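Just so you know, residue 1 is the first one in the sequence shown, and it goes up from there. Because the structure is a prediction, the values reported are computed rather than measured.
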Amino acid sequence: MSSTIIDVKNVSKSFRKAEHQDLLVLDNINFTMSEGEIVALLGRSGSGKSTLLRIIAGLIKPTLGEVIYRQQKVSDPVHGIAMVFQNFALMPWLTVLQNVELGLEALGVSRQERRERALKAIDIIGLDGFESAFPKELSGGMKQRVGFARALVVDPDILLMDEPFSALDVLTADNLKSDLLDLWQEKRTNTNGILFVTHNIEEAAMLADRIIVFSSDPGMIRAELSVKLSHPRNEQSDSFRQIVDRIYTLMTTRVQDEKSLIKRAITKKIGLGYRLPDVDVSELSGLLDTLDAPEHQGRMDLPDVADYLNLNIDDLFPITEVLEILGFATVSEGDIELTRAGKLFTNADILERKKIFANHLLKSVPLAQRIVRVLDERPNHRANKERFINELEDYLSEQEAERIFRIIVDWGRYAEIFAYDNNSGMLSLENPGG
């Protein structure tokens, strides 16, 4: 039986949002990682995955709980755990060789030994000939290879990776993933485990032996999924697509529906301080029109939607969430389906679409209801945006309140339920310039 490398026990993390208010980012996270595993932490941006990775690396401390590495509690960075960052994090004034040597220098390794080990790591990662180059001379893919070499040169027991491929173009990312898998399978390093963060479902299914799926607000483990497929994996194979479909189902099924997995055409209920996704009406219309196309007949698998519209989950899920909130679509078992209201919207002309959207916005989004009611009750039918920002700040940070207000203004203008003058910050039930 493989021994446990990492044991995450009851980890929670909060950040101070206001003087008397904390923001809970991670809530009671528990999992273990064994030797010989590649594990993916998968979830939408903002689900706390990167925060957890930094806690495991010893870069930040949990509010509650603990991380155990090889039976020792992690409270600071420890030898044996190395990390690859999303943004390369290279020193621009140092050469490739000097950047790779940094970690060894911090460990007090002699100049001769660190030079030999750095050159070997550079060779392993495919950067021969670029030892004397500076970061500004390198492409994005080459910079990330330097990041991998710098992590591997310290001979880590476990390699942590925070969305290491997200800043790269598709071809470069695929090439680097393939090379990393080759290093792992050929055991060309002494690394015994890889733990990486991603919001790309296909990437998780392509690389990982086990996928830990996170939900958001706060970040919690929603599910764990073992991937039994051997490497290299074929993205077009039925077995691979089944894994991807399963992940989409796990990430889109409401918690209360998980036991029965019964699709219910109900409008998602939200409160005044709900963190509305930042989605443009044109994106909503585009997906509704796609679903209503004859070849799709009002229903599609979410993986097919992502491929068809070239969207990752951070782009797709906000759109599907708003469509559910407004009652234009339902999401269940990894599928999205038009409701009767969604069908009516897609078949309407521009003016009728505005009316349908306005009706559903006022029925489904409490903040829209509140703004229209306040404007309607005032004799001059006007109100300053600060009146609503202050109310939102009872639930949200100042920055988040401003973001939510901007979203509702965009939706309200499209629906023509109120007008807004950006210069004065005034909302009204009539043209503010009139």
### Query
Would you call Asp162 and Arg54 a salt bridge, using N to O less than 4.0 angstrom?
yes
#### Entry: Any donor-acceptor N/O pair, Lys61 side chain to Ser75 backbone, under 3.5 Å
yes
### Distance in Å, Ser14 OG paired with Leu24 CG, rounded so as to fall on 0.5 Å steps
4.5 Å
### Query
Tell me, which pairs form a side-chain hydrogen bond (donor to acceptor under 3.5 Å, both in side chains) where one or both residues lie in residues 119-140, sequence neighbours left out?
none
### Query
In chain order, what residues pass the side-chain contact (heavy atoms from CB on, under 4.5 Å) check against Asp245, with sequence neighbours excluded?
Pro303
### Summary
Applied to residues 143-170, the ring-ring contact (aromatic ring centres under 6.0 Å, His included) test, sequence neighbours excluded, yields none
### Query
So, Asp7 and Thr32: side-chain donor and acceptor under 3.5 Å apart, yes or no?
no
### Task
Verify, without hydrogens or angle tests, whether Arg233 (side chain) and Ala205 (backbone) share a donor-acceptor contact under 3.5 angstrom.
yes
### Query
Does any N or O in the side chain of Thr346 come within less than 3.5 Å of the main-chain N or O of Asp289, such that one atom is a donor and the other an acceptor?
no
### Query
Hey, does the side chain of Asn384 reach the backbone of Arg387 with a donor-acceptor pair shorter than 3.5 angstrom?
no
### Task
Just jot down the side-chain contact (heavy atoms from CB on, under 4.5 Å) partners of Asp410, sequence neighbours excluded, or say none.
Arg406
### Task
Spell out, as yes or no, whether a donor-acceptor pair under 3.5 Å connects the side chain of Ser47 to the backbone of Gly219.
no
### Query
Atom CD in Glu66, atom CD1 in Ile68: separation rounded to 0.5 Å?
4.0 Å
Can you list, pair by pair, the side-chain donor-acceptor contacts under 3.5 Å of residues 97-108, counting residues two or more places apart and other chains?
unit_1: Gln98; atom_1: OE1; unit_2: Thr95; atom_2: N; d: 2.9
unit_1: Gln98; atom_1: OE1; unit_2: Thr95; atom_2: OG1; d: 3.4
unit_1: Asn99; atom_1: OD1; unit_2: Met91; atom_2: N; d: 2.8
unit_1: Asn99; atom_1: ND2; unit_2: Met91; atom_2: O; d: 3.1
unit_1: Asn99; atom_1: ND2; unit_2: Leu94; atom_2: O; d: 3.1
unit_1: Asn99; atom_1: ND2; unit_2: Thr95; atom_2: O; d: 3.1
unit_1: Glu101; atom_1: OE2; unit_2: Arg115; atom_2: NE; d: 2.8

### Task
For residues Pro156 and Ala82, report the shortest heavy-atom separation together with the two atoms involved.
CB-CB, 3.6 Å
### Query
Does Val84 reach the side chain of Leu160, with side-chain heavy atoms less than 4.5 Å apart?
no
### Task
Identify the two heavy atoms, one from Val227 and one from Ala208, that lie closest to each other, and give their separation to 0.1 Å.
CB-O, 3.4 Å
### Task
May I ask you to test the Phe214-Ile29 pair for a side-chain heavy-atom distance under 4.5 Å?
yes
### Taking every non-hydrogen atom, the tightest pair across Ile38 and Leu181
CD1-CD2, 4.0 Å
### Task
With sequence neighbours left out, write down each residue that passes side-chain contact (heavy atoms from CB on, under 4.5 Å) with Met33, or none if nothing qualifies.
Ile6, Glu37, Val39, Ile158, Leu195, Arg210
### Task
Run the salt-bridge test on Asp307 and Arg241 with the 4.0 Å N-O cut-off and return the result as yes or no.
yes
### Query
So, Arg70 side chain and Ile5 main chain: donor-acceptor pair closer than 3.5 Å or not?
no
### Whether Arg413 side chain and Ile408 backbone form a donor-acceptor pair below 3.5 Å
no
### Query
Under a 4.0 Å N-O cut-off, is there an ion pair linking Lys385 with Glu402?
yes
#### Entry: Spacing of Glu283 atom CD and Asp278 atom CG [to the nearest 0.5 Å]
8.5 Å
### Query
Do other residues, nucleotides or ligands put more than 12 heavy atoms under 6.0 Å from the CD atom of Gln399?
no
### Query
Taking atom CD of Glu386 as the centre, does the number of heavy atoms from other residues, nucleotides or ligands within less than 6.0 Å exceed 12?
yes
### Query
So, does Arg44 use its side chain to make a donor-acceptor pair with the main chain of Ile313 at under 3.5 Å?
no
### Message
Restricting to ring-ring contact (aromatic ring centres under 6.0 Å, His included), what partner residues turn up for Phe345, sequence neighbours left out?
### Response
Phe328
#### Entry: Lys343 with Glu337: basic N within carboxylate O range, under 4.0 Å
no
### Contacts of type ring-ring contact (aromatic ring centres under 6.0 Å, His included), residue His296, not counting sequence neighbours
Tyr308
### Task
Kindly compute the distance separating CZ (Phe196) from CG (Leu180), expressed to the nearest 0.5 Å.
9.0 Å
#### Entry: Pairs where residues 188-200 contributes a residue and the test side-chain hydrogen bond (donor to acceptor under 3.5 Å, both in side chains) is met, not counting sequence neighbours
Asp155-Asn190, Asp157-Asn192, Glu163-His199, Thr189-Thr191, Thr198-Glu203
### Query
When rounded to the nearest 0.5 angstrom, what is the spacing between CG in Leu338 and CD in Gln297?
11.5 Å
## Note on the structure
Val197 and Ser50 have their tightest heavy-atom pair at CG1-OG, 4.0 Å
### Inter-residue atom distance Leu427.CG - Phe418.CZ, 0.5 Å rounding
6.0 Å
### Task
Report the C-alpha distance between Lys228 and Asp209 in whole Å, list the side-chain angles of each, state the deciding distance to 0.1 Å, and finish with yes or no for salt bridge (charged side-chain N to carboxylate O under 4.0 Å, His left out).
CA-CA 7 Å; Lys228 302 298 186 182; Asp209 304 308; over 6 Å; no
### Query
Sequence neighbours excluded, which residues qualify as side-chain hydrogen bond (donor to acceptor under 3.5 Å, both in side chains) partners of Thr290?
none
### Task
Go through the structure and list residues passing ring-ring contact (aromatic ring centres under 6.0 Å, His included) with Tyr414, not counting sequence neighbours.
Phe357
### Query
For Leu362, what residues pass the side-chain contact (heavy atoms from CB on, under 4.5 Å) criterion, not counting sequence neighbours?
Ala368, Val372, Ile417
### Query
Can you tell me if Ser237 uses its side chain to pair, donor with acceptor, with the backbone of Asn234 under 3.5 Å?
yes
### Message
Can you give me the closest heavy-atom contact between Gly48 and Leu26, atom names plus distance?
### Response
O-CD2, 3.4 Å
### Query
Should the pair Glu333-Arg246 be classified as a salt bridge under the 4.0 Å nitrogen-to-oxygen rule?
no
### Message
For His79, is the NE2 atom crowded, meaning more than 12 foreign heavy atoms sit under 6.0 Å from it?
### Response
no
### Task
Could you tell me which non-hydrogen atom of Ala401 sits nearest to which non-hydrogen atom of Glu393, and how far apart they are?
CB-CG, 3.9 Å
### Query
Around Phe130, counting heavy atoms of other residues, nucleotides and ligands shown, do more than 12 lie under 6.0 Å from its CZ?
no
